[in-house]
Amino acid sequence: QVQLVESGGGLVQPGGSLRLSCAASGSIFSMYTMGWYRQAPDKQRELVAEVTYYGVTNYADAVKGRFTISRDNAKGTVYLQMNSLKPEDTALYYCKQTPGGWGQGTQVTVSA
């Protein structure tokens with residue numbers, strides 16, 4: 001069974017940057033689509049970005065041009081580089097392997 005462990009969240013000022021990491025174990029990482037989702041208080045969980053095992057990426061309109069998803073198959077890790085952060089990016093960010101499962105989440109708070 002896959003285990004996903006996120007890291008890199010924190011508090012950042014508007015306009016700042018953060019890099020999230022998700023380390024996977026227990027599966028053949030390179031075979032699966034990996035994604036980042038987020039859930040803000042009182043809102044549904046939503047897709048932020050995903051990358052297939054071919055390296056094809058897909059982004060939510062709200063983050064296009066600001067966020068970049070990447071993967072290192074040798075390390076079994078997927079990253080989310082987040083630039084020009086806005087208060088509305090504040091949420092719990094989850095890593096997902098498809099198929100496979102979810103991580104526990106890492107909190108991102110954008111506030112002055």
Side-chain angles (χ1 to χ4, degrees):
Q1 186 172 350
V2 65
Q3 290 187 328
L4 303 170
V5 179
E6 302 99 333
S7 61
L11 173 64
V12 63
Q13 293 186 341
S17 298
L18 282 175
R19 188 195 195 203
L20 305 183
S21 300
C22 172
S25 60
S27 68
I28 304 175
F29 177 82
S30 61
M31 294 178 61
Y32 300 101
T33 292
M34 300 298 299
W36 287 97
Y37 289 71
R38 66 186 182 187
Q39 187 166 17
D42 300 322
K43 292 189 177 181
Q44 290 189 332
R45 193 174 298 188
E46 62 178 4
L47 173 69
V48 176
E50 60 185 358
V51 55
T52 71
Y53 67 95
Y54 287 122
V56 177
T57 57
N58 178 44
Y59 295 92
D61 288 343
V63 306
K64 283 181 181 176
R66 301 188 297 123
F67 292 10
T68 302
I69 189 170
S70 61
R71 65 190 298 162
D72 185 333
N73 289 335
K75 294 183 177 180
T77 302
V78 61
Y79 305 96
L80 185 67
Q81 178 66 44
M82 305 185 295
N83 298 328
S84 302
L85 282 161
K86 304 175 181 180
E88 51 263 44
D89 294 318
T90 295
L92 191 58
Y93 283 70
Y94 295 91
C95 177
K96 181 183 181 184
Q97 178 179 288
T98 304
W102 295 89
Q104 293 299 307
T106 185
Q107 179 67 39
V108 172
T109 303
V110 184
S111 176

Exercise. Would you say R19's side chain and L80's backbone share a donor-acceptor pair under 3.5 angstrom?
Worked result: no
For this session: Provide the closest heavy-atom pair for S17 versus N83 in the form atom of the first, atom of the second, distance.
Result: OG-OD1, 2.9 Å
Exercise. Can you name the closest pair of heavy atoms from V78 and C95 and give their distance?
Worked result: CG1-SG, 3.8 Å
For this session: Look up atom CD in Q97 and atom CG in L4, then write down how far apart they are to the nearest 0.5 Å.
Result: 6.0 Å
Exercise. Where is the tightest heavy-atom contact between S84 and D89, given as atom of each residue plus distance?
Worked result: O-OD2, 4.4 Å
Exercise. What is the ring orientation for F67 with Y93, classed by angle as parallel under 30°, tilted 30 to 60°, or perpendicular over 60°?
Worked result: tilted
Problem set entry | Side-chain donor/acceptor of R45 to backbone N/O of Y94, under 3.5 Å | no
Problem set entry | Interatomic distance, L47 atom CG to K96 atom NZ [nearest 0.5 angstrom] | 9.0 Å
Problem set entry | Test: K64 and D61 ion pair at under 4.0 Å | yes
For this session: Flag yes if more than 12 heavy atoms outside E46 fall under 6.0 Å of its CD atom; otherwise flag no.
Result: yes
For this session: Quick one: closest heavy-atom pair of I69 and G35, and the distance?
Result: CD1-CA, 4.4 Å
Exercise. Can you name the closest pair of heavy atoms from V51 and R71 and give their distance?
Worked result: O-NH1, 3.2 Å
Exercise. Is there a chain of hydrophobic side chains (I, L, V, M, F, W, Y, each step under 4.5 Å between heavy atoms) that links L18 to Y37?
Worked result: no
Seminar exercise, completed: T90 and Q107 have their tightest heavy-atom pair at CG2-NE2, 4.0 Å
Problem set entry | pair Y53-N73: side-chain heavy atoms closer than 4.5 Å | no
For this session: Mark yes or no for whether S111, through its side chain, and T109, through its backbone, hold a donor-acceptor pair below 3.5 Å.
Result: no
Exercise. Does E6 reach the main-chain N or O of T106 with its side chain, forming a donor-acceptor pair under 3.5 Å?
Worked result: no
For this session: Give a yes or no on whether the backbone of T57 and the side-chain of E50 come within a donor-acceptor separation of less than 3.5 Å.
Result: no
For this session: Count the heavy atoms of every other residue, nucleotide or ligand shown that sit under 6.0 Å from CD of Q1, and state whether that count exceeds 12.
Result: no
